**Q** 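So that we are looking at the same thing, I have put the structure below in structure tokens.
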Protein chains: 2
Amino acid sequence: MMATLNETHDPALRSWVESAHRAGTDFPIQNLPFGVFRRAGSQEPWRGGVAIGDQIVDLAALHRAHPFDGAAAEALAAAAGPTLNALMALGPAHWGALRLALSRALRQGSALEAAVAACLVPQATAELTLPARIGDYTDFYTSIHHATNIGRLFRPDNPLLPNYKWVPIGYHGRSSSVAVSPQAFRRPCGQIKAPEAAAPVLAPSRRLDIELELGLFVGPGNALGEPIPIAQAEAHLFGVVLLNDWSARDIQAWEYQPLGPFLAKNFATTISPWVVTWEALAPFRAPLERPAGDPSPLSYLDSEANRRAGALAIELEVALRSAHMRAQGLPAHPIARTNYRYAYWTPAQLVAHHTVNGCSLQPGDLLGTGTLSGPAREQAAALIELTEGGKRPLELPSGERRTFLEDGDEVTLTGWCEAPGAVRIGFGTCTGLVLPAPTV
Amino acid sequence: MMATLNETHDPALRSWVESAHRAGTDFPIQNLPFGVFRRAGSQEPWRGGVAIGDQIVDLAALHRAHPFDGAAAEALAAAAGPTLNALMALGPAHWGALRLALSRALRQGSALEAAVAACLVPQATAELTLPARIGDYTDFYTSIHHATNIGRLFRPDNPLLPNYKWVPIGYHGRSSSVAVSPQAFRRPCGQIKAPEAAAPVLAPSRRLDIELELGLFVGPGNALGEPIPIAQAEAHLFGVVLLNDWSARDIQAWEYQPLGPFLAKNFATTISPWVVTWEALAPFRAPLERPAGDPSPLSYLDSEANRRAGALAIELEVALRSAHMRAQGLPAHPIARTNYRYAYWTPAQLVAHHTVNGCSLQPGDLLGTGTLSGPAREQAAALIELTEGGKRPLELPSGERRTFLEDGDEVTLTGWCEAPGAVRIGFGTCTGLVLPAPTV
């Protein structure tokens, strides 16, 4: 069930919100991503909002104005509260009805212009929080390039494990440490053991890294014991955010055998605040590309629709700005650029795999794609890959060099979609700032 | 901060609830575990309850009677809702006040007898649900005997990994598939690859196993970035349940590299419904036992109090009853018996380790201990250990043999504490039933 193109994607649409047409805006009328906000510094209730241009449509205020009927009104009511879980639970028919109603209300000439204009809040005056209460957070490993690059550092002769081309590898992450951008977090401490040392020490991580990922928010869930077939999988996905899975490589190296990463990851995970909906991404679908000779997926991971357009073409960039660069007035420096279309496994395959054993997904669950490295070196989406395990430092415009992150470094992820015949849409930003470790 | 003995532990205490004194009861007046219940088959609201003998004190009804003052009344109000998260968030002073007030109200001669008697619901007429909304579920690996037994199956020459005696190994589990006993669940399907096969197949697991664990419910949480020192760790633990971490060994073997178990575990995790409080366990503390020559824990994992009495002596048993045994009227057959005191890492060490990097715990989070195998063969707490990887079947009283679980098998965990000068307390039961796999 893939979202199809409809009037909300029409590149000719124009909004009466002027800023929705500024060059480079992430939020034209064709996007309409959802978030949860309030006026910065206020004690107002958190409530749902939709970004357009440099404004937010306050969905709680709009709900009180009762502009819509039927499924759109039901979806609007569900989006007016302090989390979007209730909206996510409703499913594609409701999401589509609300998107269509909002699209029409925001168009030039809409009879609802005055009513909706009264509900606008400038983004510059708002603060954003997590769009949903995240019950469970799963992180996948969908880039074969990342898996190969990382594997090469650990196992030069045998970088890719035998299960990779069969199993969409994933593991459980930590929900409590997922926060919305901008996030400032302390460098984590943990057990670190130097290769030659007899014993580990407790110390601040010295190999603090990023992982450029996307996060998929789950819509309607499934009952425990009831797998979701791949043909229905996309109806369980509400939308997409940018995700930075901060990673302490030295802690990871010592702790991860035999049960996987734990303290190396669960100190902070940053997501962008605006959820770009599954429907908004319809113009940017891409075929699943598999190298010739790779095995066909098992049938529960395979469908004609998934092969034809199961992937998403989302362009992604990582930029780094050190404290020194901020002091010098230098902008953030791009260090990697990649695209989600290189992923080996599609979103539908992740949902089908996650539930094939009966595992239950719930509205608001978050599925990370894993680090989205592309095939080229400059498309590597983590410092450990970009610097070849810390051996080849990056040069910054300030004259500084980086293998891993220093205190005061700020990392920003951006993402956007472009396609012929479609208006460019963007994801906003996902920014995190590294604070010094606490004293141990 | 260890709970100390007080009048609520006095073995001479007698309750006016007669069944609290029956031989073998798990719930004497010295226990007073918390759960969430309603009358079976009703549409009543779920609410907190305390087990005594074969009765439940309905905490919502008791709250309406306003029998207590101060912290006890605040804690009672927090326990009257559909989850115990609010009670768990309050911390030891409130928990202790409520326990003391309940203990006094339930004693023979209490002036509150009539008021409390009006709030009793027979356990036989009640159904129980999860005691808390579990935000995150972490599973540890605290039995060195289990780690060694499992390691020997995979790496005969090097069973215990070098990090084991330094790092309280843990990983993130799946909250959504944690359910309360009795749980019936379908045998999971997943990718299984025979050693000689060129490709995996999707099939029902044929190596379905149990893992006998305990689950620790987190009380007050910590802010992201603020570690919990070991000296304060136990003040963040509300209580303990039995936990069966059902595991599909064949799915696990194929999927677990490099990020750990995923679909092999997240189809079902069963916990017992009654949370035995940290304070109720005070008479059953035990010294942390480490073999001579093992390294001392790093300082963040070490304290005098933890060495002296950081462990808990909880006797544990696994019993199996097949469909054939039920048809024959045979009781469940004990297949393993062990004790939590054999764990290599204490609860306080798990909390200190989990948060040393700044990871935030939240009220209602669940920490699994990992499979609690003891040093002897019959103390192995999983079938893969008991049967040496499926090579030595167990004999059942029905004449059947078992390597791994068959459809219709019912597994029951029990646990209890006994010590000189203390009244025996128990955990109730944790039961799960294996249903046939769905067709794939």
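Reminder, nothing fancy here: chain letters follow the sequence lines and each chain counts from 1. Because only heavy atoms are used, hydrogens play no part in the values below, and waters and symmetry mates are left out as well, while side chains stay in. The structure presented is a predicted model; accordingly, all values stated were derived computationally and were not measured.
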**Q** Taking all heavy atoms of Q191(B) and all of W166(A), pick out the closest pair and write down the distance.
**A**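 What the structure gives for the nearest pair is NE2-O, 2.7 Å.
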**Q** Check whether any side-chain heavy atom of V201(A) lies under 4.5 Å from a side-chain heavy atom of L298(B), and answer yes or no.
**A**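 No; the side chains remain at least 4.5 Å from each other.
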**Q** Examine whether an atom of Y164(B) lies under 4.5 Å from a heavy atom of chain A, and if so say whether it belongs to the side chain, the backbone or both; otherwise answer neither.
**A** neither
**Q** Is L263(A) in contact with chain B via its backbone, its side chain, both, or neither, using a 4.5 Å heavy-atom distance?
**A** both
**Q** Given that the side chain runs from C-beta out, which part of L301(A) has a heavy atom under 4.5 Å from chain B: side chain, backbone, both or neither?
**A** side chain
**Q** How close do I169(B) and Q257(A) get, counting heavy atoms only, and between which atoms?
**A**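 For I169(B) versus Q257(A), the nearest heavy atoms are CD1-O, 3.8 Å.
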**Q** Against chain B, label S299(A) side chain, backbone, both or neither, depending on which of its atoms sit under 4.5 Å from a heavy atom there.
**A**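 Interface part for S299(A): neither.
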**Q** Does any backbone or side-chain atom of S205(B) lie under 4.5 Å from a heavy atom of chain A? Answer side chain, backbone, both or neither.
**A** neither
**Q** Can you tell if the side chain of K193(A) reaches within under 4.5 Å of the side chain of N163(B), non-hydrogen atoms only?
**A**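 A side-chain contact under 4.5 Å is absent here.
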**Q** Counting only non-hydrogen atoms closer than 4.5 Å, can you tell me which residues of residues 177-188 of chain B sit against chain A?
**A**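 Under the 4.5 Å heavy-atom cut-off, S177(B), Q183(B), R186(B), P188(B) qualify.
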**Q** Mind checking whether F262(A) and H172(B) have ring centres under 6.0 Å apart?
**A**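 Yes; H172(B) has its ring centre under 6.0 Å from that of F262(A).
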**Q** Does the side chain of L161(A) come within less than 4.5 Å of P258(B)'s, by heavy atoms?
**A**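 A side-chain contact exists here, since the closest heavy-atom pair is under 4.5 Å.
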**Q** Need one label for L224(A): side chain, backbone, both or neither, based on atoms under 4.5 Å from any heavy atom in chain B.
**A** side chain
**Q** Contact part of A199(A) toward chain B, heavy-atom cut-off under 4.5 Å: side chain, backbone, both or neither?
**A**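 For A199(A), heavy atoms of backbone and side chain both lie under 4.5 Å from chain B.
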